[in-house]
Protein chains: 2
Amino acid sequence: MNIGDVARETGLPAKTIRYYEDIGLVAPARGANGYRAFGDMDLQKLKFVARARSLGFSIEDCRMLLSLYEDRTRASGEVKALARDTLARIERKIAELEQMRGALSALVERCHGDDRPDCPILEDLAEIAR
Amino acid sequence: MNIGDVARETGLPAKTIRYYEDIGLVAPARGANGYRAFGDMDLQKLKFVARARSLGFSIEDCRMLLSLYEDRTRASGEVKALARDTLARIERKIAELEQMRGALSALVERCHGDDRPDCPILEDLAEIAR
DNA sequence: CTTGACCTTCTAGTGGCTGGAACACCCATA
DNA sequence: TATGGGTGTTCCAGCCACTAGAAGGTCAAG
């Protein structure tokens with residue numbers, strides 16, 4: 001399989017796959033022409049990583065998860081701890097964004113948004129700067 | 001005012017303030033010793049930016065907002081449009097993170113997280129990779 | 001034989017800082 | 001007057017996870 005096929009299969013851009021090779025997440029073989037030759041295992045790994053990334057795991061988490069996945073004797077506790085940390089990080093981020101959304105949407109609602117120059121949004125920004 | 005005072009007043013790290021000068025958001029005067037000498041307007045601007053950043057506006061948005069703020073004749077519609085775009089971006093990000101949270105928390109709950117090697121989290125990652 | 005899709009490597013840029021080195025300066029105390 | 005600690009300065013490098021783009025090699029169809 002060439003990189004384009006893998007990109008289609010995994011949904012990852014080819015650039016990203018090359019980057020993942022660069023940082024050592026996968027190590028595809030090379031054909032005589034210098035093209036990357038991806039095997040089934042490479043494809044599996046990349047799908048695994050794509051899924052983990054979509055769940056919010058960092059690249060380093062993914063590296064860890066891959067090695068845990070390959071270690072048939074690992075305890076599920078390790079994986080769960082990693083997942084819980086990730087979940088907590090996601091939840092903090094959500095809370096932060098919800099805070100922003102609340103404040104900003106209140107301002108947007110109060111701003112009439114027409115041709116007049118007075119604007120509650122700028123007033124809020126400036127007032128807090130006082 | 002020296003940079004340290006401004007950092008205390010605005011809550012921004014001194015490094016960040018230097019960076020803001022670098023990219024042209026503020027242009028403090030310089031004293032004879034080469035130290036930045038911040039005036040009241042600089043302080044106001046930095047507080048304005050800090051507030052705008054905390055509401056999720058990008059640096060480029062902040063630049064725009066500052067110039068809109070300085071333009072006494074600008075229409076509030078421009079500001080509102082910028083704020084609405086920012087709000088939409090925040091809402092998309094929240095939705096994405098909530099999606100992650102849902103999927104990941106379901107997995108975390110199903111994982112017993114003890115010494116046994118079977119782990120629904122890894123199984124999910126691998127299964128989708130099939 | 002040409003076209004066009006694909007592949008390669010490489011450098012550099014994104015956003016918004018942050019860390020650290022190496023040096024200058026200011027002020028209070030001994 | 002020495003000195004020591006807390007400030008300030010510049011500059012370069014690094015973070016994360018890619019992404020853009022240039023310059024070129026390869027392959028299959030018509």
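So that the names make sense, note that chain A is the first sequence line, chain B the second, and so on, each numbered from 1.
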Could you please spell out the steps behind the salt bridge (Lys or Arg N to Asp or Glu O under 4.0 Å) verdict for A:R8 and A:D5? CA-CA 5 Å; A:R8 270 179 293 277; A:D5 308 315; 3.3 Å; yes

In this structure, how many angstroms lie between the [atom2] atom of [N] and the [atom1] atom of [X], rounded?
X     : N      : atom1 : atom2 : value
B:K93 : C:dG15 : NZ    : P     : 16 Å
B:E96 : D:dA17 : CD    : C1'   : 14 Å
A:N2  : D:dG25 : CG    : P     : 19 Å
A:I59 : D:dC15 : CD1   : C1'   : 14 Å
B:M1  : D:dG8  : CE    : C1'   : 15 Å
A:D22 : C:dC10 : CG    : C1'   : 11 Å
B:I3  : C:dT18 : CD1   : P     : 13 Å
A:Y19 : C:dA12 : OH    : P     : 18 Å

Could you say whether B:F57 or B:N33 is positioned toward the 5' end of DNA chain C, judged by the nucleotide with the nearest heavy atom to each?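 Looking at the nearest nucleotide for each, B:F57 comes out on the 5' side.
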
Could you say whether B:E60 or B:A32 is positioned toward the 5' end of DNA chain C, judged by the nucleotide with the nearest heavy atom to each?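 Mapping each residue to its closest nucleotide by heavy atoms, the 5'-most match is B:E60.
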
I'd like to know if the side chain of B:T10 reaches the main chain of B:K47, judged simply by a donor and an acceptor atom lying under 3.5 Å from each other, with no hydrogens or angles considered.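 No.
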
Reckon [X] has a side-chain N or O less than 4.0 Å from the OP1 or OP2 of [N]?
X     : N      : result
A:T16 : D:dA17 : no
A:R36 : C:dC7  : no
A:R30 : C:dT9  : yes
A:Y20 : D:dC18 : yes
B:R53 : C:dG15 : no

I need the single residue from B:D85, B:T86, B:L87 that forms a side-chain contact (heavy atoms from CB on, under 4.5 Å) with B:R89. Which is it? B:T86

Checking contacts here: which listed nucleotide (C:dC25, C:dC7, C:dC17) is nearest the side-chain heavy atoms of A:Y35? C:dC7

Would you mind classifying the nucleic acid contact of A:R18 as base, sugar-phosphate or nothing, using non-hydrogen atoms under 4.0 angstrom? base

Are the side chains of B:L55 and A:L107 in contact, using a 4.5 Å heavy-atom criterion?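 Yes - at least one pair of side-chain heavy atoms lies under 4.5 Å apart.
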
Does a side-chain heavy-atom distance below 4.5 Å link B:R36 with B:R18? yes

Indicate, yes or no, whether a donor-acceptor pair under 3.5 Å links the base of C:dG16 to the side chain of B:K15.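 Counting by modelled atom types and ignoring angles, no donor-acceptor contact under 3.5 Å is found here.
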
